[in-house]
Amino acid sequence: MKNPVLVAVLLLSSTAYAGNYPLGTMTCDGIGQFASEAQGWRVAGKSRDDALAALETRTYGDPVEKKNLLIIVDLVFGSYGRNWSVETAGNILRNDCLKGR
């Protein structure tokens, strides 16, 4: 059985084929910070639709960022998010990013 987190994080690192960096202008710390932010929304009772609406109000450094953040929202508001704390979500996704996954 495939690990859905690993698969999603692999997508994070492979979304920008034409750019110099797979994360665009984002950093692994930025990935972790956003994962914690999104998990905070979930803990506060916001819905996935609320999170997606919040993404629409953000300014992005490049198109890859939005794709990456959408993947994170899907992870946080999916089954994995039920088991994560705000801190855990950030740590897991930042560490996976640092490992190149």
Side-chain angles (χ1 to χ4, degrees):
M1 179 176 187
K2 291 183 182 177
N3 181 338
V5 172
L6 178 59
V7 171
V9 175
L10 285 172
L11 289 173
L12 277 175
S13 64
S14 64
T15 55
Y17 297 107
N20 292 334
Y21 303 101
L23 298 176
T25 57
M26 295 189 80
T27 64
C28 290
D29 284 340
I31 292 283
Q33 288 170 357
F34 179 74
S36 290
E37 180 181 356
Q39 186 66 28
W41 297 337
R42 181 178 178 141
V43 169
K46 297 196 180 214
S47 69
R48 181 181 181 279
D49 288 339
D50 293 334
L52 294 175
L55 288 183
E56 292 303 319
T57 66
R58 288 179 104 89
T59 303
Y60 299 97
D62 60 57
V64 174
E65 286 184 21
K66 186 172 183 180
K67 289 178 185 179
N68 290 340
L69 299 186
L70 286 169
I71 291 168
I72 293 169
V73 165
D74 286 342
L75 288 169
V76 165
F77 284 88
S79 61
Y80 284 100
R82 287 186 294 220
N83 300 313
W84 290 343
S85 68
V86 170
E87 183 179 355
T88 301
N91 288 339
I92 288 170
L93 291 177
R94 182 182 57 254
N95 289 336
D96 278 353
C97 176
L98 289 170
K99 292 176 184 174
R101 295 188 276 184

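Atom set for the values below is all heavy atoms of this structure, side chains included, hydrogens, waters and symmetry mates excluded.
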Strictly below 4.0 Å, N to O, side chains only: are Glu37 and Arg42 in salt-bridge contact?
no
Distance check, rounded to the nearest 0.5 Å: Met26 atom CE versus Asp62 atom CG?
9.0 Å
What pairs meet the disulfide bond (SG atoms under 2.5 Å apart) rule with one or both residues in residues 28-82, with sequence neighbours excluded?
Cys28-Cys97
Say whether, by atom type as modelled, one donor and one acceptor occur between the side chain of Asn95 and the main chain of Asn91 under 3.5 angstrom.
yes
Please check if the side chain of Gln39 supplies one atom and the backbone of Glu87 the other of a donor-acceptor pair under 3.5 Å.
no
Is any side-chain heavy atom of Leu52 closer than 4.5 Å to one of Leu70?
yes
Locate the shortest heavy-atom distance separating Trp84 from Ala89; write the atom from each residue and the value.
CE3-CB, 3.7 Å
Among Thr88, Asn68, Ile72, Leu98, whose side-chain contact (heavy atoms from CB on, under 4.5 Å) with Leu93 holds?
Ile72
Do Phe34 and Trp41 have their ring centres less than 6.0 Å from each other?
yes
Could you work out, with side chain to side chain donor-acceptor pair (under 3.5 Å) as the rule, every residue matching Asp29, not counting sequence neighbours?
none
To the nearest 0.5 Å, how far apart are CD1 in Ile31 and CG in Asp96?
10.5 Å
Can you tell me how far the CG atom of Leu55 sits from the OG1 atom of Thr57, to the nearest 0.5 Å?
7.5 Å
Lys66 NZ to Thr59 OG1 distance, which is reported to the nearest 0.5 Å
11.5 Å
Check whether Tyr80 reaches the backbone of Asp74 with its side chain - one donor and one acceptor, N or O, closer than 3.5 Å.
no
